[in-house]
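Structure first, commentary second.
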Amino acid sequence: MSLRNVAIIAHVDHGKTTLVDQLFRQSGTFRDNQRIEERAMDSNDLEKERGITILAKPTSVDWTPPGADESIRINIVDTPGHADFGGEVERILSMVDGVVLLVDSSEGAMPQTKFVTGKALALGLKPIVVVNKVDRNDARIQEVLDEVFDLFVSLDANDEQLDFPVLYASGRNGYASTDMDAREGTLIPMFETIVAHVPPPAVEVAGVPFTFLVTLLDRDPFLGRILTGRVNSGVVKVNQPIHALDNDGKIIETGRASKIMSFRGLDRVPVDEAKAGDIISLAGLSVATVADTIADITVTEPLHAQPIDPPTLSMRFAVNDSPMAGREGSKVTSRMIRERLFREAESNVAVKVTEAADKDSFEVAGRGELQLGVLIETMRREGFELGISRPRVLFGEDENGKKTEPYETVIIDVDEEYSGTVVEKMNLRKAEMTDMRPSVGGKTRITFSAPSRGMIGYHGEFLSDTRGTGIMNRLFEKYDAFKGNIEGRKNGVLISNGSGEANTYALGPLEERGILFVGHGEALYEGMVVGENAKPEDMEVNPMKTKALTNFRVSGKDDTVRLTPPKKMTLEQAIAYIDDDEMVEVTPKSIRLRKRFLDANERKRASRAKQAG
């Protein structure tokens with residue numbers, strides 16, 4: 001059977017996963033009467049809820065060309081479109097021989113398109129460009145194609161890569177064509193283009209030992225570690241003796257290939273053997289991890305693993321030490337948190353974990369707030385309780401020993417009436433405008449080069465400033481000179497001065513002080529943040545005060561206190577909101593904001609020490 005390995009890459013929301021759904025259906029992977037969920041590849045709960053792809057996932061379809069007797073197996077890797085999950089994309093590109101670049105017919109080439117395409121072109125992969133959603137009313141197909149060509153030129157694509165085939169498609173409606181004006185049909189032209197333009201794996205099968213580079217790692221309760229990647233050379237059979245080598249060629253462990261699984265549609269199917277070029281999952285080893293080489297025991301040289309861009313942001317994950325610790329979660333000890341974080345770092349090459357000296361907290365570094373937010377949300381659902389600090393960027397040094405910090409390219413599409421506000425707010429965050437031009441839908445597209453430090457916590461404010469109509473895309477750009485102090489949150493917070501239950505009688509007057517985060521009857525503790533102060537300084541308040549009961553009676557009834565519903569933050573909003581001296585308490589049922597030091601006297605001491613230092 002002939003074989004093709006291809007990755008589908010695109011910016012977030014440009015339709016990768018929907019297109020893969022249609023490739024499944026039209027290749028005959030699903031039965032006619034089989035019930036299939038929409039976006040079948042987004043199998044993770046968080047992926048379904050957020051409507052984004054978080055994990056790169058291999059799959060395959062068997063397609064028989066019209067009039068042919070033998071089918072062709074096309075291994076497809078669906079990739080995340082969000083920059084925070086770029087580590088997932090970088091490592092899987094070594095498994096494929098070509099890429100299908102999906103571009104929205106209206107939005108065009110966006111930041112993540114540039115990031116992933118640059119990685120693919122640098123590896124020499126041949127691109128196929130698919131202009132998706134051609135049936136949109138605001139489609140600008142030829143302009144988008146020109147943008148893609150300019151993008152390839154700016155990324156130093158060679159002549160062969162610049163001579164890319166183009167398809168015009170609608171993933172949702174299940175058609176693709178070489179004709180720009182086609183508005184119906186099937187995906188047969190896409191299958192034909194992939195077979196014609198993506199070369200078969202250039203690998204050796206006969207007479208060479210088995211080698212395999214681990215690209216993805218997951219776990220199975222029965223099989224243990226499952227290592228996924230592409231067979232680089234030779235053949236592997238079930239129960240064949242194998243060993244794992246690290247990047248330096250050191251043998252990590254020796255074992256047997258207890259199970260070999262190949263991808264068939266959405267399923268992993270056990271097979272007796274796999275040969276060079278196949279994308280497979282392998283079980284039988286307990287220590288080997290991502291970027292290790294699995295090989296026949298005669299092999300001593302490891303395969304080269306692609307270097308991954310370093311993390312730019314970190315957070316402190318600590319044991320939950322609030323008075324409510326242990327009430328809602330089942331995993332609360334530092335040992336459990338440590339095991340879980342180091343397990344994550346093994347399978348996710350974009351995450352780095354270091355243990356603090358006190359053994360009760362861990363510094364977790366990643367690509368961005370969304371990536372770390374997804375990790376926290378996943379742990380929360382697994383029953384963990386955590387204390388999370390404000391994100392901070394990871395600084396560096398240039399060759400002269402001067403401090404550097406990460407910068408991002410920020411592309412904002414906004415209505416003309418809000419552009420002035422956005423530019424003003426970005427200037428306050430030390431961002432420099434690099435481009436401003438008209439965009440689709442009557443919007444203005446503004447491009448900035450901004451320190452990552454200044455962008456922490458801005459997204460919520462941006463949505464408020466643009467009445468929810470603005471679109472922001474961010475991408476890591478470079479490390480450059482430190483920009484100096486950036487002003488943080490302007491408002492102080494309201495802090496509970498005791499423990500108990502919040503009371504309507506006390507909360508009523510506090511509404512005049514600012515915005516409340518808690519409602520009547522909620523359990524509070526000393527040092528917990530219960531609201532935002534309208535003034536810059538923090539204020540300690542008593543949200544539990546009840547009305548004194550006396551024998552005096554007055555004519556008429558007391559006025560009924562009607563509270564405004566409290567502002568409830570999502571996990572990402574809470575992490576972006578807190579200041580350096582605050583934390584987010586995360587449990588399976590609650591998200592609470594608190595001061596790092598719960599006792600008022602300790603807070604004063606810490607504040608004085610900071611000022612003195």
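By convention here, the first residue in the shown sequence is residue 1.
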(request) Check the side chains of E585 and S322 for a donor-acceptor pair under 3.5 angstrom, ignoring hydrogens and angles. (result) yes

(request) State whether the number of non-hydrogen atoms from other residues, nucleotides or ligands found under 6.0 Å of R390 atom CZ is greater than 12. (result) yes

(request) Check the pair E405, R453 against salt bridge (charged side-chain N to carboxylate O under 4.0 Å, His left out), reporting the backbone distance first and the verdict last. (result) CA-CA 8 Å; E405 64 176 323; R453 190 165 43 102; 2.8 Å; yes

(request) Check N320 against A325 and note the closest heavy-atom contact, atom names and distance. (result) O-CB, 3.3 Å

(message) Quick check: do T409 and R474 have side-chain heavy atoms less than 4.5 Å from each other?
(response) no

(request) Begin from the C-alpha positions of E582 and R489 and carry the test salt bridge (charged side-chain N to carboxylate O under 4.0 Å, His left out) through to its verdict. (result) CA-CA 12 Å; E582 294 161 3; R489 191 180 69 204; 2.9 Å; yes

In a table with atom names and distances, give each donor-acceptor pair under 3.5 Å that connects a side chain of residues 479-486 to protein atoms at least two apart or in another chain.
from, atom 1, to, atom 2, distance (Å)
Y479, OH, L394, O, 2.8
D480, OD2, K478, NZ, 3.1
K483, NZ, E432, OE2, 2.9

(message) Looking at every non-hydrogen atom in both residues, tell me the closest pair between P543 and L507 and how far apart they are.
(response) CB-CD2, 3.9 Å

(request) Give a yes-or-no answer on whether the side chains of S449 and E477 include a donor-acceptor pair shorter than 3.5 Å. (result) yes

(request) Give the C-alpha distance, both sets of side-chain angles, the deciding distance and a yes or no for side-chain contact (heavy atoms from CB on, under 4.5 Å) between L313 and R367. (result) CA-CA 6 Å; L313 198 76; R367 287 282 178 83; over 6 Å; no

(request) Please check if any side-chain donor atom of E511 sits under 3.5 Å from a side-chain acceptor atom of T564, or the reverse. (result) yes

(request) Give a yes-or-no answer on whether the side chains of E385 and T587 include a donor-acceptor pair shorter than 3.5 Å. (result) no

(message) If I compare all heavy atoms of V518 with all of P566, which pair ends up nearest, and what's the gap?
(response) O-CB, 3.5 Å

(message) Take a 6.0 Å sphere around CZ of R316 and say whether it holds more than 12 heavy atoms from other residues, nucleotides or ligands.
(response) yes

(request) Would you indicate whether the side-chain heavy atoms of I575 and P391 approach each other to under 4.5 Å? (result) yes

(request) Kindly determine whether R340 and M379 satisfy side-chain contact (heavy atoms from CB on, under 4.5 Å), including the steps that lead there. (result) CA-CA 8 Å; R340 177 64 180 83; M379 291 178 67; 3.8 Å; yes

(request) Would you confirm whether the ring centroid of F517 sits within less than 6.0 angstrom of the ring centroid of Y577? (result) yes

(request) Evaluate the side-chain proximity of M528 to R592: yes if any heavy-atom separation is below 4.5 Å, no if none is. (result) yes

(message) Give me the atom names and distance for the closest heavy-atom approach of R429 to I456.
(response) NH1-O, 3.7 Å

(message) Whether the side chain of S314 engages the backbone of A365 through a donor-acceptor N/O pair (distance < 3.5 Å, no angle test) should be reported.
(response) no

(request) Answer yes or no: is there a donor N or O on one side and an acceptor on the other, between the side chain of E461 and the main chain of Y458, under 3.5 Å? (result) no

(message) Do V353 and E344 have side chains that approach each other closer than 4.5 Å (heavy atoms only, starting at C-beta)?
(response) no

(request) Please answer whether the main-chain N or O of N400 pairs with a side-chain N or O of D398 as donor and acceptor at a distance below 3.5 Å. (result) yes

(message) With heavy-atom distances below 4.5 Å as the criterion, would you say the side chains of V530 and V541 are in contact?
(response) yes

(message) Could you check whether any side-chain N or O of R603 sits under 3.5 Å from a backbone N or O of F597, counting only pairs where one atom can act as donor and the other as acceptor?
(response) yes

(message) Testing the basics here: between N132 and G171, what is the closest heavy-atom pair and its distance to 0.1 Å?
(response) OD1-N, 2.9 Å

(message) Please check this pair: side chain of T378 against backbone of V374, looking for a donor-acceptor N/O pair closer than 3.5 Å.
(response) yes

(message) Under a plain distance cut-off of 3.5 Å, with no hydrogens placed, do S106 and D138 share a side-chain donor-acceptor pair?
(response) yes

(request) Any chance you could lay out the side-chain contact (heavy atoms from CB on, under 4.5 Å) test for V410 and I446, step after step, and finish with the verdict? (result) CA-CA 8 Å; V410 184; I446 316 172; over 6 Å; no

(message) Assess whether a salt bridge exists between R136 and D104, defined as any Lys/Arg side-chain N lying under 4.0 Å from an Asp/Glu carboxylate O.
(response) yes

(request) Ignoring hydrogens and angles, tell me if any N or O in the side chain of K443 forms a donor-acceptor pair with the backbone of T469 under 3.5 Å. (result) yes

(message) Please check: side-chain N/O of E377 versus main-chain N/O of G373, any donor-acceptor pairing under 3.5 Å?
(response) no

(message) Before you tell me yes or no, could you show the steps for I471 and N473 under side-chain contact (heavy atoms from CB on, under 4.5 Å), namely the whole-Å CA-CA distance, both residues' side-chain angles and the distance that decides it to 0.1 Å?
(response) CA-CA 7 Å; I471 300 170; N473 290 289; 3.9 Å; yes

(request) Taking atom NZ of K535 as the centre, report whether more than 12 heavy atoms of other residues, nucleotides or ligands fall under 6.0 Å from it. (result) no

(message) What I want to find out is whether E487 reaches K430 closely enough, with some N-O distance under 4.0 Å, to be called a salt bridge.
(response) no

(request) Output the distance between atom OG (S361) and atom CG (D321), rounded to the nearest 0.5 Å. (result) 10.5 Å

(request) Look only at the side chain of R594 and the backbone of R596, and say whether a donor-acceptor pair between them is shorter than 3.5 Å. (result) yes

(message) Just so I know, are the side chains of Q573 and L571 near enough to count as touching, which here means a heavy-atom distance under 4.5 Å?
(response) no

(message) Between E328 and S590, is the side chain to side chain donor-acceptor pair (under 3.5 Å) condition met? List the steps.
(response) CA-CA 8 Å; E328 298 174 355; S590 309; 3.1 Å; yes

(message) Under 6.0 Å from the ring centre and within 45 degrees of the ring axis: does the NZ or CZ of R380 meet both conditions for the six-membered ring of F384?
(response) no

(message) Is it the case that the side chain of S496 and the backbone of G498 share a donor-acceptor pair, with hydrogens and angles ignored and the cut-off at 3.5 Å?
(response) yes

(message) Strictly below 4.0 Å, N to O, side chains only: are K595 and D538 in salt-bridge contact?
(response) yes

(message) Going by side chain to side chain contact (heavy atoms under 4.5 Å, CB included), F462 matches just one of M472, K425, M455. Which one?
(response) M472

(request) Measure the shortest side-chain to side-chain distance between L593 and I578 over non-hydrogen atoms and say whether it is less than 4.5 angstrom. (result) yes

Check residues 329-337 and write down every donor-acceptor pair under 3.5 Å in which the side-chain atom is one partner and the other belongs to a residue at least two apart or another chain.
from, atom 1, to, atom 2, distance (Å)
K331, NZ, E382, O, 3.2
T333, OG1, M336, N, 3.4
R335, NH1, E339, OE2, 3.2

(request) For the pair N497 (side chain) and E540 (backbone), establish whether a donor and an acceptor sit closer than 3.5 Å, ignoring hydrogens and angles. (result) no

(message) Ignoring hydrogens, what is the shortest heavy-atom contact between A574 and I591? Give both atom names and the distance.
(response) CB-CG2, 4.0 Å

